[in-house]
Protein chains: 2
Amino acid sequence: MDRVTLHHDLREHHRKLTRARQAVLEILTQANRHLTPAAVYRKAKIKYPHLGLTTVYRTLDLLVELGYIRRIHFADGCHSYAATAQAHGHHLVCSVCGRAEEFGNCDLEALMKSLQAKTGFEISVHVLELMGLCPECRAKSRAPKRKK
Amino acid sequence: MDRVTLHHDLREHHRKLTRARQAVLEILTQANRHLTPAAVYRKAKIKYPHLGLTTVYRTLDLLVELGYIRRIHFADGCHSYAATAQAHGHHLVCSVCGRAEEFGNCDLEALMKSLQAKTGFEISVHVLELMGLCPECRAKSRAPKRKK
DNA sequence: TCTCCAATTGAAAATAATTTTCAATTACGG
DNA sequence: CCGTAATTGAAAATTATTTTCAATTGGAGA
Ligand SMILES: [Mn+2]
Ligand SMILES: [Mn+2]
Ligand SMILES: [Zn+2]
Ligand SMILES: [Zn+2]
């Protein structure tokens with residue numbers, strides 16, 4: 001996941017390691033939460049002022065392709081991104097603060113087997129995303145409301 | 001799922017049963033596949049020429065809210081909709097023809113329990129979507145390629 | 001270290017997608 | 001039927017995303 005690995009992966013695809021790419025990945029990796037393209041742009045621009053929004057869009061696509069980040073889907077206001085550490089990871093997202101926790105072991109084998117048998121579909125991809133309250137936001141929401 | 005049920009559900013929310021709403025739901029229910037807002041508009045407009053795209057967007061939101069349809073997410077070109085028969089249904093989508101097969105019993109209890117314990121998150125919502133080839137498209141893709 | 005060139009970039013413009021406005025219309029409880 | 005809140009669709013406004021293209025840059029190879 002570090003710069004070296006990225007550089008390596010990029011080389012394999014005949015792509016270059018650029019400041020723009022480093023900035024975008026860095027932002028998402030350190031954010032520990034999901035971010036929209038616009039938010040990534042805003043934050044990354046601080047580290048690398050010359051950055052353009054177009055490049056952010058292109059970079060997000062690239063990083064998804066390489067598996068460094070994943071697209072998060074919401075009921076409304078779709079399209080946010082979160083960093084991934086695992087090759088096959090999913091996210092557990094806090095609906096209040098946006099924190100995105102990665103998890104693997106999405107054990108869907110049994111379900112998929114049974115569905116393949118029942119429907120004849122040949123399943124190749126799955127999208128799994130869990131949403132709720134992170135421990136911190138959970139505590140806050142329980143705490144007695146203060147003034148007003 | 002029929003008109004009567006819809007009328008009833010709408011009444012509970014102080015909403016009216018209109019031709020536009022009937023047209024949109026009918027299209028999605030009979031389509032047996034996922035459709036983008038624009039596609040729904042195109043098709044529904046045939047049954048009800050006076051229909052406006054704005055209304056389609058509003059209606060899709062409403063139907064999702066009432067649980068008659070569900071939003072389908074794709075890696076790219078997000079945002080399609082598919083009808084649902086079950087209160088808690090997910091979709092198995094064919095990546096070639098778009099056919100959307102509904103399934104319930106998404107048995108994620110064990111996974112969620114384990115994650116709640118491990119992370120402290122209080123999980124309340126989950127998004128699960130499976131993609132692959134439907135039996136028909138599967139057969140076609142296997143069949144020897146013809147001319148050219 | 002220097003060269004060369006494919007890959008990359010960002011501004012601007014073009015598109016696509018979605019939402020807001022608002023005056024006219026319609027569903028439906030009474 | 002009436003009265004009225006809900007709905008509608010055209011047009012305009014916003015937002016989101018993609019395309020263009022000339023200038024710049026990373027990095028493989030000399
Ligand atoms: Mn989505
Ligand atoms: Mn489920
Ligand atoms: Zn939180
Ligand atoms: Zn198919």
Side-chain angles (χ1 to χ4, degrees), chain A residues 3-27 34-66 68-69 71-81, chain B residues 3-4 6-25 27 34-66 68-69 71-81:
Chain A
R3 222 137 306 149
V4 183
T5 313
L6 176 59
H7 197 171
H8 184 266
D9 286 346
L10 286 170
R11 205 154 37 209
E12 292 191 327
H13 292 247
H14 302 289
R15 318 299 291 274
K16 299 171 181 176
L17 176 60
T18 65
R19 292 194 57 193
R21 289 171 180 172
Q22 289 179 61
V24 168
L25 179 54
E26 208 167 289
I27 288 301
H34 67 87
L35 295 170
T36 61
V40 168
Y41 175 60
R42 249 178 283 125
K43 296 204 171 207
K45 209 166 167 56
I46 294 173
K47 296 205 176 196
Y48 181 40
H50 194 251
L51 184 66
L53 177 57
T54 307
T55 299
V56 169
Y57 273 103
R58 287 190 286 229
T59 302
L60 290 173
D61 282 350
L62 175 63
L63 292 177
V64 164
E65 195 182 316
L66 298 182
Y68 282 82
I69 63 175
R71 201 205 279 246
I72 304 285
H73 298 270
F74 292 97
D76 62 302
C78 234
H79 304 186
S80 260
Y81 294 81
Chain B
R3 222 137 306 148
V4 182
L6 177 60
H7 198 169
H8 183 266
D9 285 345
L10 287 169
R11 203 152 43 209
E12 291 190 329
H13 292 247
H14 302 290
R15 318 299 293 274
K16 299 171 180 174
L17 176 61
T18 66
R19 291 193 58 193
R21 288 170 180 171
Q22 289 179 61
V24 169
L25 179 55
I27 288 302
H34 67 88
L35 295 170
T36 61
V40 169
Y41 175 60
R42 249 178 284 125
K43 296 204 171 205
K45 208 166 169 54
I46 295 173
K47 295 202 176 197
Y48 181 39
H50 195 252
L51 183 67
L53 177 57
T54 309
T55 299
V56 169
Y57 273 103
R58 287 190 287 231
T59 302
L60 290 173
D61 283 349
L62 175 62
L63 293 177
V64 164
E65 194 182 315
L66 298 181
Y68 282 82
I69 64 176
R71 202 206 279 246
I72 305 285
H73 299 269
F74 292 97
D76 62 300
C78 232
H79 304 184
S80 259
Y81 294 82

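Just so it is clear: chains get the letters A, B, ... in the order the sequence lines come, proteins before strands, and each one is counted from 1. Everything numeric in this text was worked out from a predicted model, so none of it was measured.
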Residue pair A:Val64 / A:Leu60, side-chain heavy-atom distance below 4.5 Å: no
pair A:Glu12-A:Asp9: side-chain heavy atoms closer than 4.5 Å: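 Result yes, sub-4.5 Å side-chain heavy-atom pair found.
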B:Ala38 or B:Lys16, whichever maps to the more 5' nucleotide of DNA chain C: B:Ala38
Residue B:Lys45 excluded, over 12 heavy atoms near NZ under 6.0 Å: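 Yes, NZ of B:Lys45 has more than 12 neighbouring heavy atoms, counting only those of other groups under 6.0 Å.
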Heavy atoms of other groups near A:His13 NE2, more than 12 under 6.0 Å: yes
Find the distance [X]:[atom1] to [N]:[atom2] and express it as a whole number of Å.
| X | N | atom1 | atom2 | result |
| --- | --- | --- | --- | --- |
| B:His14 | D:dT4 | NE2 | P | 18 Å |
| A:Arg21 | D:dT25 | CZ | P | 15 Å |
| A:Tyr48 | D:dT24 | OH | P | 13 Å |
| A:Arg19 | D:dT25 | CZ | C1' | 12 Å |
| B:Glu12 | D:dA6 | CD | P | 16 Å |
| A:His8 | D:dA28 | NE2 | P | 11 Å |
| B:Leu66 | D:dA6 | CG | P | 15 Å |

Residue pair A:Leu10, A:Leu62: steps toward the side chain to side chain contact (heavy atoms under 4.5 Å, CB included) verdict: CA-CA 9 Å; A:Leu10 286 170; A:Leu62 175 63; 3.9 Å; yes
Angle by which the axis turns from one end of the helix from C:dT1-D:dA30 to C:dG30-D:dC1 to the other, five pairs per end, to 10 degrees: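 Rounded value for the end-axis angle: 50°.
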Can you give me the closest heavy-atom contact between [X] and [Y], atom names plus distance?
| X | Y | answer |
| --- | --- | --- |
| A:Ser80 | A:Thr36 | OG-CG2, 3.4 Å |
| B:Tyr68 | B:Leu25 | CD2-CD2, 3.8 Å |
| A:Leu53 | A:Pro37 | CD1-O, 4.4 Å |
| A:Arg19 | A:Lys47 | NH2-O, 4.1 Å |

First and last nucleotide of DNA chain C, 5' to 3', lying under 4.0 Å from heavy atoms of chain B: C:dA17 to C:dG29
Nucleic acid contacts of residues 50-58 of chain A, taken as heavy-atom distances under 4.0 Å to DNA chain D: A:Thr54, A:Tyr57, A:Arg58
A:His7 side chain near D:dG26 phosphate (N/O to OP1/OP2, under 4.0 Å): no
Criterion side chain to side chain contact (heavy atoms under 4.5 Å, CB included) on A:His73 and B:Arg71, from CA distance to verdict: CA-CA 10 Å; A:His73 298 270; B:Arg71 202 206 279 246; over 6 Å; no
